[in-house]
Number of protein chains: 2
Amino acid sequence: MESDPENALIAGGDEIRLLLVDDHAVVRRGLQMVLSLEPDLNVVGEAGDGREALARVADLRPHVVLMDLLMPVMNGVDATRAIKRDHPEIEVVALTSVLEDRLVIDAVEAGASGYLLKETGPEVLCAAIRAAHRGQVHLDPKARRRLVRELRTPEMRESLTARETETLRLVAKGLSNRDIAERLEVSEVTVKTHVSNILSKLAVQSRTQAALFALKEGLVGLE
Amino acid sequence: MESDPENALIAGGDEIRLLLVDDHAVVRRGLQMVLSLEPDLNVVGEAGDGREALARVADLRPHVVLMDLLMPVMNGVDATRAIKRDHPEIEVVALTSVLEDRLVIDAVEAGASGYLLKETGPEVLCAAIRAAHRGQVHLDPKARRRLVRELRTPEMRESLTARETETLRLVAKGLSNRDIAERLEVSEVTVKTHVSNILSKLAVQSRTQAALFALKEGLVGLE
DNA sequence: GGAATGCTCCACCTTTGGATGGAGGATGCC
DNA sequence: GGCATCCTCCATCCAAAGGTGGAGCATTCC
């Protein structure tokens, strides 16, 4: 570990100053514990919401901010945006328990240099912090997949076949697989096959999300 | 049976002339079989789609039309509307295998005097035909429930509590119960309780339908 | 002090949804 | 002909969703 030239370099007085932002004291505690084991990572402060985070950032001038996204008062996305606006040199790593498409997109768009799930292990967490400090972007693999997906323009999405489109249309009307099967006069397994392919092609996780997609795309109207 | 004064009356030369409309020959066959056992019910013709039905109606002047709603060329709802426009005295009984809200509403609104599921037994079927002939409306109990529901104005729907509304909002964004639980910081069982109550209050059958409802009501936007 | 309502949680259970991997027939393209 | 794509169907399996009937606790309202 100490043979790592990079660690040796930054251990020489160039430690990383961290600010923890999370509305749960226990989470901050846990992070403290984990990070205290790393000589080069130095937690210089905490904040319980976005507004507090802004004040701390101005005071403490951390190198990297570990930012929870779902918080009262001011959410992490807005806080990230504000921090990057006022202090572009400070890196923000988003850290949340929920993997939600919009959240990933918004966070990255707001200027986050990383997106981690709270379930990720200490090694990954530390690696992401150091990467951020070097100006690199480190996304959780899951988050990256979501993001890449979203950035693909609609026409880049694998196109649905005629039958799949028909199926999606009925999904978006709220029908169950059984109903769709009767409607299309095929077996329910066939419908499940179609739905499964639809979900995979649209890169969504549930029929409800597929329905929302169909509405967004104007495939069906809202009545 | 022949002690029934009403049957005796119409058996005296006043039989009910029926037109069967369904795109499946086997279904028409089956109906033929069932109805041939009833002396007062006389099938005078068949049609395989809505357009054909219109022609047959003009020719054969049936008293009652048994109309499938899902057909190629011209669907049963449009056919019903056309029949009631040109021949208001002819009664139409909708007969379908799918119980779908919009279909029930559209059929009744188009002028159908009945709505039956194909799974209903012969007795109910015959009773519905005779009721229609007498000018009475006979809906399948399930269909009636759906209709009554729909006719309740939105303000008559049981109102959602604050927490339920919050939950519905997240359902309508495509989140799973687990995601919602994390988001609201409650257990997944609690979310399931809320969702269950939401479905029951809104009188819908799935979270996807609940999501569509929320969108219609403007509870959430489409991004 | 009740009574009612809302929020949270639980256990138990059934149904639905969804993933995976495979298969055959139909069609059309090279 | 061979190849690819699509549509259909199947079995199996696991996870998610949803129903039912409870329960404790806090609040408010009478």
May I ask you to decide if F213(A)'s main-chain N or O and E217(A)'s side chain share a donor-acceptor pair within less than 3.5 Å? no
Output all residues satisfying side-chain contact (heavy atoms from CB on, under 4.5 Å) with L116(B), sequence neighbours left out; order by chain, then residue number. V93(B), L95(B), T120(B), V124(B), L125(B), A128(B), H138(B)
What is the distance, to the nearest angstrom, from the CD1 atom on I198(A) to the C1' atom on dC6(D)? 14 Å
Taking only N and O in the side chain of T190(A), is any of them less than 4.0 Å away from OP1 or OP2 of dC9(D)? yes
Rounded to whole Å, CD of Q209(A) lies from P of dA17(D) at a distance of 10 Å
Please round to the nearest 0.5 Å and tell me the distance separating atom OG1 of T165(B) and atom NE2 of H194(B). 10.5 Å
Partners meeting salt bridge (Lys or Arg N to Asp or Glu O under 4.0 Å) with D23(A) (sequence neighbours left out): none
Given atom CD1 of I180(A) and atom C1' of dT8(D), what is their separation to the nearest angstrom? 16 Å
From N75(B) atom CG to R51(B) atom CZ, the distance as rounded to the nearest 0.5 Å: 11.0 Å
Starting at the 5' end of DNA chain C and moving along, which residue's nearest nucleotide shows up first, E164(B) or V189(B)? E164(B)
Only counting residues at least two apart or in another chain, list the ones meeting side chain to side chain donor-acceptor pair (under 3.5 Å) with R56(A). none
Starting at the 5' end of nucleotides 22-30 of chain C, put B wherever the base has a protein heavy atom under 4.0 Å, S where only the sugar-phosphate does, and a dash everywhere else. ---------
Separation of E166(A) atom CD from dC7(D) atom C1', in whole Å? 12 Å
Polar atom pairs (N or O), protein with nucleotides 26-30 of chain D, under 3.5 Å:
none

Going by the side chain to side chain donor-acceptor pair (under 3.5 Å) test, which pairs reach into residues 24-37 of chain B, not counting sequence neighbours? E185(A)-H24(B), D22(B)-H24(B), R28(B)-E46(B), Q32(B)-E46(B)
For the backbone of G76(A) and the side chain of T80(A), can you confirm whether one donor and one acceptor N or O come within less than 3.5 Å of each other? yes
Taking every heavy atom of R207(A) against every heavy atom of I180(A), the minimum-distance pair comes out as NH2-CD1, 4.0 Å
Quick one: side chain to side chain donor-acceptor pair (under 3.5 Å) partners of T190(A), sequence neighbours excluded? S187(A)
Table of protein N/O atoms under 3.5 Å from nucleotides 15-19 of chain C N/O atoms:
unit_1, atom_1, unit_2, atom_2, d
dT16(C), OP1, R178(A), NH2, 2.9
dT16(C), OP2, R178(A), NH2, 2.6
dG17(C), OP2, N177(A), N, 3.3
dG17(C), OP2, N177(A), ND2, 3.4
dG17(C), N7, K192(A), NZ, 3.3
dG18(C), OP1, R207(A), N, 2.8
dG18(C), OP2, R207(A), NH1, 2.8
dG18(C), N7, K192(A), NZ, 3.3
dG18(C), O6, K192(A), NZ, 3.0
dA19(C), OP2, S196(A), OG, 2.4

Axis-to-axis angle across the helix from dG1(C)-dC30(D) to dC30(C)-dG1(D), five pairs each end, nearest 10 degrees, ~ 40°
Length of the line joining L160(A):CG and dC6(D):P, which is rounded to integer Å: 10 Å
Compare side-chain N and O positions of H194(A) against OP1 and OP2 of dC7(D) and report whether any pair is under 4.0 Å apart. no
Sequence neighbours excluded, which residues qualify as salt bridge (Lys or Arg N to Asp or Glu O under 4.0 Å) partners of E109(B)? R81(B)
In whole angstrom, what separates L202(B)'s CG from dG18(D)'s P? 12 Å
Show every donor-acceptor pair shorter than 3.5 Å between a side-chain atom in residues 166-174 of chain A and any protein atom, with sequence neighbours excluded, or say none if there are none.
unit_1, atom_1, unit_2, atom_2, d
E166(A), OE1, R163(A), NH1, 3.1
T167(A), OG1, R163(A), O, 2.8
R169(A), NH1, L219(A), O, 2.9

Determine whether I129(A) and L35(A) make a side-chain contact, defined as any pair of heavy atoms from C-beta on separated by less than 4.5 Å. yes
Can you list the residues that meet the salt bridge (Lys or Arg N to Asp or Glu O under 4.0 Å) rule with K192(B), with sequence neighbours excluded? none
Which nucleotide in the list dC10(D), dC7(C), dT8(D) gets nearest to the side chain of V186(A)? dT8(D)
